[in-house]
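What follows is a single structure, written as structure tokens, with notes after it.
Throughout, protein chains are lettered first and strands after them, A, B, ... in sequence-line order, and every chain is numbered starting at 1.
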Amino acid sequence: MTGPVDLAPAIVDWFSRAARDLPWRRPGFSAWGTLVSEFMLQQTPVVRVIPQLLDWLERWPTPADLAAVPPGEAVRAWGRLGYPRRALALHACAVAIAEQHGNRVPEDVDDLLALPGVGPYTARAVAAFAYGHRHPVVDTNVRRVLARTVLGQADPGPPATRRDLALMAEHLPLPRADARAFNAGMMELGAIVCTARAPRCDECPVADLCAWRAAGYPDYTGPQRVRQKRYEGSDREARGRILARLRSATIPVDEELLTAEAPDPEQAGRALEALLADGLAERTSEGIILPAG
DNA sequence: GAGGCGTGGAC
DNA sequence: TGTCCAAGCCT
């Protein structure tokens, strides 16, 4: 820590008091459980993840257990968490870990990055939280907290990965336990206090260090982010509808049922072809099924 | 590097 | 019955 402001002591202290009691923070929670939780938490809120995660780990307590079933079973168990390609990638992770890592989740960031569906955030989160390694962890919460406290702006703006990793590295305490608490604390602060809308600055442990507050809460003036396309009527919705039908099926589903009878048959046909290309569905002589392997 | 990728809840 | 947001990743 060489900069003018040191966030770590207040964050670490606050986290020790304010941290939510979440499954992946329980003592003895496995590295595999951490990896599964991080996959599920990619763009899906905590409250929706928790029950799915517990069911998942009860059914597949180690990577080899998941690797032993067809990928379609993972897609089915994924349910309505969204972005089902994550289920496919997680299954592929399980196969790789079982076959190449002795059924043990790797702890080196580079080994983790080599796994399907594991990017810069997830790799560092697993190394830091499951194994206690001292790496900076940057997710959407951390990006926002850094933007406000350090940069003095309301919004982090376009991704600036190197900048944010450097800022976190600069603030990261030396003791591993404190480094882990700082990473988790920055994420927790962004999740429950320094929120995107209506931040609760009166409850913030670093309010008196915050550059955004000191500047009088200026509005964000940087580039506006791209608006999310309408979901209603989109190809994504069509994909979701087909996959929901496949998840509930115990036998192959007739292709006509998935496309010709859809609200927009042409769109449904495109969506099905995309799902087949993505490996989220398979075409057999009997009909369409979830991937069998 | 911009766009695509599910789903549900809060306003 | 609109917009934004949620512990990202891949192409």
Test side chain to side chain donor-acceptor pair (under 3.5 Å) applied to A:Tyr121 and A:Gln42, step by step: CA-CA 9 Å; A:Tyr121 163 72; A:Gln42 292 170 6; over 6 Å; no
Test side chain to side chain donor-acceptor pair (under 3.5 Å) applied to A:Thr44 and A:Arg86, step by step: CA-CA 11 Å; A:Thr44 301; A:Arg86 291 181 292 167; 2.9 Å; yes
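Ion pairing between A:Arg124 and A:Glu38 fails under the 4.0 Å rule for side-chain N and carboxylate O. We find that A:Glu203 and A:Arg200 are joined by a salt bridge, their nearest charged nitrogen and carboxylate oxygen being less than 4.0 Å apart. Look at A:Glu261 and A:Arg245 and you find no salt bridge, because none of the NZ, NE, NH1 or NH2 atoms lies under 4.0 Å from a carboxylate O. In this structure, A:Asp13 pairs ionically with A:Arg17, as a charged nitrogen and a carboxylate oxygen lie closer than 4.0 Å.
No contact: A:Phe39 has no heavy atom under 4.0 Å from any strand. In this structure, A:Arg20 reaches the bases: a heavy-atom distance under 4.0 Å links it to at least one base atom across the strands shown. Within 4.0 Å of A:Glu232, counting heavy atoms only, lies no atom of the nucleic acid at all. Nucleic acid contact class of A:Val137 (heavy atoms, under 4.0 Å, all strands): none. Using a 4.0 Å heavy-atom cutoff across all strands shown, A:Thr122 reaches sugar-phosphate atoms only and no base atom. When heavy atoms are screened at a 4.0 angstrom cut-off, A:Ile242 is found touching no nucleic acid atom at all. Heavy atoms of A:Arg144 sit under 4.0 angstrom from primed sugar atoms or phosphate atoms, though from no base atom. Among the atoms of the strands shown, none is found under 4.0 Å from any heavy atom of A:Ala125. Residue-level contact check: A:Trp78 touches neither bases nor backbone, having no heavy atom under 4.0 Å from any strand. At a threshold of 4.0 angstrom between heavy atoms, the contacts of A:Leu81 include nucleobase atoms, whether or not backbone atoms are also involved. Using a 4.0 Å heavy-atom criterion, one finds that A:Pro84 contacts the sugar-phosphate atoms exclusively.
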Between protein and nucleic acid, restricted to nucleotides 2-4 of chain B and to nitrogen or oxygen atoms under 3.5 Å apart, what atom pairs and distances do you find?
none

Quick one: which protein N/O atoms are closer than 3.5 Å to N/O atoms of nucleotides 9-11 of chain B? Pair and distance per line, please.
none

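For the side-chain contact (heavy atoms from CB on, under 4.5 Å) with A:Trp78, the lone residue among A:Arg85, A:His91, A:Arg247, A:Met40 that qualifies is A:Met40.
Here, C:dT1 and B:dG6 have their P atoms 26 Å apart, quoted to the whole Å. For C:dA7 and B:dC11, the C1' atoms lie 23 Å apart once the distance is rounded to whole Å. Separation of the P atoms belonging to B:dG9 and C:dC9 is 25 Å when rounded to the nearest angstrom. Rounded to the nearest Å, the gap between the C1' atom of B:dG1 and that of C:dC10 is 12 Å.
Taking the 5' to 3' direction, DNA chain C first and last meets chain A under 4.0 angstrom from a heavy atom at C:dT1 to C:dC10.
The base of B:dG6 sits with one of its N or O atoms less than 3.5 Å from a complementary donor or acceptor on the side chain of A:Thr44.
Using a 30° and 60° split on the angle between ring planes, A:Trp212 and A:Tyr217 fall in the perpendicular class, above 60°. A:Tyr131 and A:His133 have tilted rings, their planes meeting at an angle from 30° to 60° on a 0 to 90° scale.
Side-chain polar atoms of A:Tyr220 and A:Arg225 form no donor-acceptor pair below 3.5 angstrom.
Where A:Arg225 and A:Gly117 each meet DNA chain C at their nearest nucleotide, the meeting point lying more 5' is that of A:Arg225.
Without hydrogens or angle criteria, A:Arg148 side chain to A:Ala154 main chain gives a donor-acceptor distance under 3.5 Å. The main-chain N or O of A:Thr62 is found under 3.5 Å from a side-chain atom of A:Asp65 such that the two form a donor-acceptor pair.
Note: CD (A:Glu237) to C1' (B:dT7) measures 11 Å, nearest angstrom. Rounded to whole Å, the distance from OH on A:Tyr83 to C1' on B:dG8 is 12 Å.
Taking the side chain as every heavy atom from C-beta outward, A:Leu7 and A:Val150 approach each other to under 4.5 Å.
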